[in-house]
Amino acid sequence: MTGAEKSITYSSTRGCPTQKSISFRTAVMRGLAHDRGLFVPDSFPTVSPEELESWRNLSYADLATEVIGKFVKDDEVPRDVLAGIVKKSCGAFRSEDVTPLIKVEGHYILELFHGPTFAFKDVALQMLGNFFEYFLSTGSNDGRLAVLGATSGDTGSAAIYGLRGKKGVDCIILYPNGRVSEIQERQMTTVPDDNIHCVSVEGTFDDCQDIVKASFANQEFRDRVKLGAVNSINWCRVLAQTTYYFWSYFRVTDAEKDVKEVNFSVPTGNFGDILAGYYSKRMGLPVGDLIVATNENDILHRFFTQGEYHREDIQATISPSMDICVSSNFERYLFHLAGDDSTTLANWMSAFESTGKLTISGKMLDKARADFKSARADTDATLKIIKRYNSDHEYMLCPHSAVGVDAVHQLNTADSATVCLATAHFAKFGDACSMAVDPLPTLPKQLSKLWKMQIRSSNCPNDATVVQAFMEKRIEERIAKHAARDERKKMLKNVVLVSAAVGALAMAVSALRRR
């Protein structure tokens with residue numbers, strides 16, 4: 001690699017002229033494009049078979065540096081800095097492999113829950129937090145960022161653990177009151193750092209997401225608080241997740257010499273995780289089937305089987321992180337399905353936002369079906385899979401992971417060429433898992449201790465204006481607190497300096513008198 005190489009640039013899916021050819025730094029710091037579109041790469045780097053093979057024996061951190069380095073060159077982040085960011089991010093995981101792969105019942109399971117919050121989102125959010133820190137320290141946003149995110153369960157805690165204590169960052173996480181598991185709520189609300197602000201909202205996850213979108217659409221508010229996004233719409237999260245598709249491909253083909261392409265089954269809500277697999281395939285990774293696995297909230301399954309992306313009311317299920325009726329990352333795929341035509345995409349999204357319906361057919365549907373397969377697992381099927389894998393293999397699946405495993409059995413691809421993504425540790429969904437397995441295995445000590453910790457949370461109505469006012473108040477309070485703390489430190493330093501000077505002077509005077 002030479003210093004002359006340029007990083008990939010990004011443009012909004014909706015085509016606003018001011019949101020084109022954006023730098024990686026800007027795309028990450030901005031999160032959502034100002035025309036409410038999502039940033040997509042202006043071109044895709046390719047990985048040749050020879051280059052791919054040269055990566056086979058790299059550590060996870062070194063592999064991630066190579067994969068991300070295909071998009072991010074020295075003009076954006078110097079290579080040694082990029083390697084440092086990746087290494088620091090991977091250092092937060094309990095497994096040396098970061099995302100270890102195991103074989104169960106003839107197929108593979110990629111364990112993505114070895115990070116600090118026991119969920120796959122740690123992979124991306126540890127990295128995003130460290131990119132934020134680097135960009136703020138090198139001139140972005142005047143060194144200040146207010147991250148506003150919505151969570152259906154796991155994003156919130158992963159974002160909080162990725163951003164806690166970061167200089168210049170306030171992290172405000174909205175979650176639907178009573179619609180996340182108790183352990184998920186405790187993971188968020190027991191973090192004491194004063195730059196973390198948890199807000200339960202009276203409504204659904206989609207209501208929380210709508211507040212986030214409305215806040216980004218409010219230019220005056222957005223610019224005043226230096227708003228940034230941490231949800232899966234942030235390009236950095238998708239990019240960070242591509243690495244584990246490469247990693248698991250290598251591990252499968254290490255063990256299975258006859259496998260040429262690897263299939264992936266992904267429990268899917270917001271479509272960001274499986275989108276990383278789609279982009280990996282576009283880069284040249286030998287990927288076979290990409291399986292979209294949904295629960296009863298099956299808007300994506302209906303799209304890939306019937307061509308109907310029709311919004312319906314959310315059903316509360318035992319896999320709450322997938323209880324989503326509009327997939328926030330799906331717009332990126334629709335843009336590519338439309339031939340990277342932002343006019344077509346903008347028209348589709350405008351119609352969908354006004355009617356709640358987007359329908360495709362014919363060759364367009366055939367193309368979508370060629371890109372993805374799908375399956376739907378309801379609560380009964382999910383519990384049966386959890387129970388069977390525990391009784392037959394002594395392996396516990398969380399409800400979301402079980403949806404992905406059930407999908408490969410439905411599609412008859414539960415074999416040595418298939419990887420099911422295990423997106424969370426079962427202990428995060430103890431109440432649901434105990435419906436299938438009782439008693440449950442012992443909880444990890446990092447989770448069991450949460451019940452002994454003090455919680456800290458606020459409540460707001462489902463009103464963007466109220467949430468925005470809350471944000472500004474909390475940010476102002478934290479800035480004032482830190483300014484007062486810094487002033488005290490400055491005064492204490494001055495006192496120490498004066499005391500040292502007085503002491504030195506006294507010693508000098510004493511020495512003169514002795515003469």
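Keep in mind that this is a model prediction, so the values were computed, not measured. Heavy atoms only: backbone and side chains are in, while hydrogens, waters and symmetry mates are out.
- Applying the side chain to side chain contact (heavy atoms under 4.5 Å, CB included) criterion to E96, with sequence neighbours excluded, gives no partner residue.
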- Take D170 and R474 through the test side chain to side chain contact (heavy atoms under 4.5 Å, CB included) and record every step on the way to the result. CA-CA 9 Å; D170 279 280; R474 284 301 171 90; over 6 Å; no

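- For R369 (side chain) and F304 (main-chain N/O), a donor-acceptor pair under 3.5 Å exists by modelled atom type.
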- Could you please spell out the steps behind the side chain to side chain contact (heavy atoms under 4.5 Å, CB included) verdict for L38 and L32? CA-CA 6 Å; L38 305 183; L32 186 70; 3.5 Å; yes

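- With sequence neighbours excluded, the residues forming a ring-ring contact (aromatic ring centres under 6.0 Å, His included) with W247 are Y60, listed by chain and number.
- Aromatic ring centroids of F44 and Y279 lie under 6.0 Å apart.
- Counting only residues at least two apart or on different chains, the ring pair (Phe, Tyr, Trp, His ring centres under 6.0 Å) pairs with a member in residues 427-463 are H400-F429.
- V123 and T99 make their closest contact through CG2-CG2, 4.1 Å (heavy atoms, listed as atom of the first residue, atom of the second, distance).
- Centroid-to-centroid, the aromatic rings of F120 and Y244 stay 6.0 Å apart or farther.
- Using a distance-only test at 3.5 Å, with no hydrogens or angles considered, a donor-acceptor pair links the side chain of R332 to the main chain of F39.
- One N or O on the side chain of D122 and one on the backbone of T117 form a donor-acceptor pair closer than 3.5 Å.
- The ring-ring contact (aromatic ring centres under 6.0 Å, His included) check on Y108 picks up nothing, with sequence neighbours excluded.
- Between V230 and L163 the shortest side-chain heavy-atom distance falls below 4.5 Å.
- The list of salt bridge (Lys or Arg N to Asp or Glu O under 4.0 Å) pairs with a residue in residues 99-115, not counting sequence neighbours, reads K103-E256, E105-R388.
- More than 12 heavy atoms of other residues, nucleotides or ligands lie within 6.0 Å of NZ in K70, so this atom counts as buried by the packing criterion.
- With sequence neighbours excluded, the residues satisfying ring-ring contact (aromatic ring centres under 6.0 Å, His included) with H393 are Y389.
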Which donor-acceptor pairs under 3.5 Å do the side chains of residues 344-352 make with protein atoms, sequence neighbours left out?
| from | atom 1 | to | atom 2 | distance (Å) |
| --- | --- | --- | --- | --- |
| T344 | OG1 | D341 | OD2 | 3.2 |
| N347 | ND2 | T343 | O | 3.3 |

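- Residues satisfying the ring-ring contact (aromatic ring centres under 6.0 Å, His included) test with H425, not counting sequence neighbours, are F113, F118.
- At least one donor-acceptor pair under 3.5 Å links the side chain of R94 to the backbone N or O of G115.
- Inter-residue side-chain proximity for V147 and I172 is flagged as unmet; no heavy-atom pair is nearer than 4.5 Å.
- Residues meeting the side chain to side chain contact (heavy atoms under 4.5 Å, CB included) test with L440, sequence neighbours left out: M396, F426, C433, S434, V437.
- Residues D371 and H336 form no side-chain contact, since every pair of their non-hydrogen atoms from C-beta on lies 4.5 Å or further apart.
- The minimum heavy-atom distance linking V408 with S265 is given by the pair CG1-CB, 3.3 Å.
- S328 is linked by a side chain to side chain contact (heavy atoms under 4.5 Å, CB included) to Q209, S232, I233, N270, counting only residues two or more places apart in sequence or in another chain.
- Between F24 and L239 the shortest side-chain heavy-atom distance falls below 4.5 Å.
- Using a 4.0 Å cut-off between charged nitrogen and carboxylate oxygen, R14 and E353 count as a salt-bridge pair.
- The shortest side-chain heavy-atom distance between Q184 and Y175 does not fall under the 4.5 Å cut-off.
- Aromatic ring centroids of Y278 and F372 lie under 6.0 Å apart.
- Ring geometry for H197 against F470 counts as perpendicular: the plane angle is over 60°, on a 0 to 90° scale with 30° as the lower cut.
- The backbone N or O of A417 sits less than 3.5 Å from a side-chain atom of D415, completing a donor-acceptor pair.
- The main-chain N or O of P100 is never found under 3.5 Å from a side-chain atom of R251 such that the two would form a donor-acceptor pair.
- The side chain to side chain contact (heavy atoms under 4.5 Å, CB included) check on Q126 picks up S89, A92, F93, P116, Y161, with sequence neighbours excluded.
- Residue pairs meeting the salt bridge (Lys or Arg N to Asp or Glu O under 4.0 Å) criterion with at least one partner in residues 315-324, sequence neighbours excluded, do not occur; the list is empty.
- With contacts defined as side-chain heavy-atom distances shorter than 4.5 Å, the pair R179/F205 does not qualify.
- A donor-acceptor contact shorter than 3.5 Å is absent between the side chain of D210 and the backbone of D207.
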